[in-house]
Amino acid sequence: PPFPFRPIVIGGDDLCFVSRGDLSIHIAKKFAEKLNQKSKNYEGLFQNGLSCSIGIVIVKHHFPFFNAYSLAEDLLSNAKKKSRSFKEENSSIDFAVIITSSLEPIMVSRERQFYYKFGSETYYLTGRPYIIAHSNFKEETLDKFIEKTKKLKEILPSNKFNALRKIIRNGEEYSKFQLSKMLRRLSEEKRKEFNSIMEDNWEYLWRKGKFNGEDVKINNFIDMVEIASFI
């Protein structure tokens, strides 16, 4: 086919398309970037270019389309909230990989799976949505997230890479201890690579964020493990 995706709904400023799961993030990212580039300074209307919000749901072939569409709409709404929280005009993207038939709302599911309290701290185990930056942007962007995911997947054996999602469920200090324990089993060269990717060892492990207006510590190892097969 001429394009690696099939448009399903095009109306107003909304577009829905279906593609292979391993192409979805790449296509969506390219769309946002091209939209911004092509619209810059267009007849003086869009000085900084247009931005967009994107929701991606990756499901199995037999998953009901309407249900997938509804989940994608939820993700789109969450991505829009992310975009509106910044002054910069940048696109945003939220994604989910659905492996069950549950139709639980995305944010309800995430609170159940990713939100927890441990000691005096509150944790939220996802960094989604991500910004597709069209200007200088200091927060974790989609490009940085994808780059680090690919690098960690390369240097860590599959079992250790997949274990990243388990070591972060018992608070900050325990996760650091478990991560250190895991790294001791790697070669010195791979430990150095890992620390380089992590930016000063622990800065990338936990960072401050918000969930439902509450101050939380955010980690995106689960995001990495979930999306690694699709980038």
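Using a 4.5 Å heavy-atom cutoff, the side chains of Thr126 and Asn220 are not in contact. Side-chain contact between Lys208 and Asp215 is absent, with no heavy-atom pair separated by less than 4.5 Å. Contact check for Leu186 versus Ile155: no side-chain heavy atoms found under the 4.5 Å cut-off. A 4.5 Å side-chain heavy-atom check between Phe194 and Leu156 finds at least one atom pair inside the cut-off. By the 4.5 Å heavy-atom criterion applied to side chains, Arg128 and Phe95 are counted as neighbours. Taking the side chain as every heavy atom from C-beta outward, Phe221 and Arg165 never approach each other to under 4.5 Å.
Judged as a salt bridge (charged side-chain N to carboxylate O under 4.0 Å, His left out), and not counting sequence neighbours, the contacts of Lys192 are Glu188.
Looking only at atom types and distance, the side chain of Ser92 has a donor-acceptor partner in the side chain of Ser83 under 3.5 Å away. One side chain, Asp223 or Tyr130, offers a donor N or O that lies under 3.5 Å from an acceptor on the other. For the residue pair Ser109/Gln113, the side-chain donor-acceptor check at 3.5 Å is satisfied.
A cation-pi geometry, defined here as NZ or CZ lying under 6.0 Å from the six-membered ring centre and within 45° of its normal, does not hold between Arg110 and Tyr115.
In this structure, Lys38 does not pair ionically with Glu33, as no charged nitrogen and carboxylate oxygen lie closer than 4.0 Å. Using a 4.0 Å cut-off between a side-chain N of Lys or Arg and a carboxylate O of Asp or Glu, Lys151 and Glu147 qualify as a salt bridge.
Asn36 places no side-chain N or O within donor-acceptor distance of the main-chain N or O of Ala32, the cut-off being under 3.5 Å. Side-chain atoms of Asp94 never come within 3.5 Å of backbone atoms of Gly55 as a donor-acceptor pair (strictly under, hydrogens ignored). Listed for the Ser39 side chain is no donor-acceptor partner under 3.5 Å among the backbone atoms of Gly49. When atom types are taken as modelled, the side chain of Tyr116 and the backbone of Gly171 share a donor-acceptor pair closer than 3.5 angstrom. Although no hydrogens or angles enter the test, the distance criterion places no donor-acceptor pair under 3.5 Å between the side chain of Tyr174 and the main chain of Arg169.
Here the options are Leu75, Leu71, Leu76, the test is side-chain contact (heavy atoms from CB on, under 4.5 Å), and the partner is Glu73; only Leu76 passes.
Across Glu214 and Thr122, no two heavy atoms sit closer than the pair OE2-OG1, 3.5 Å.
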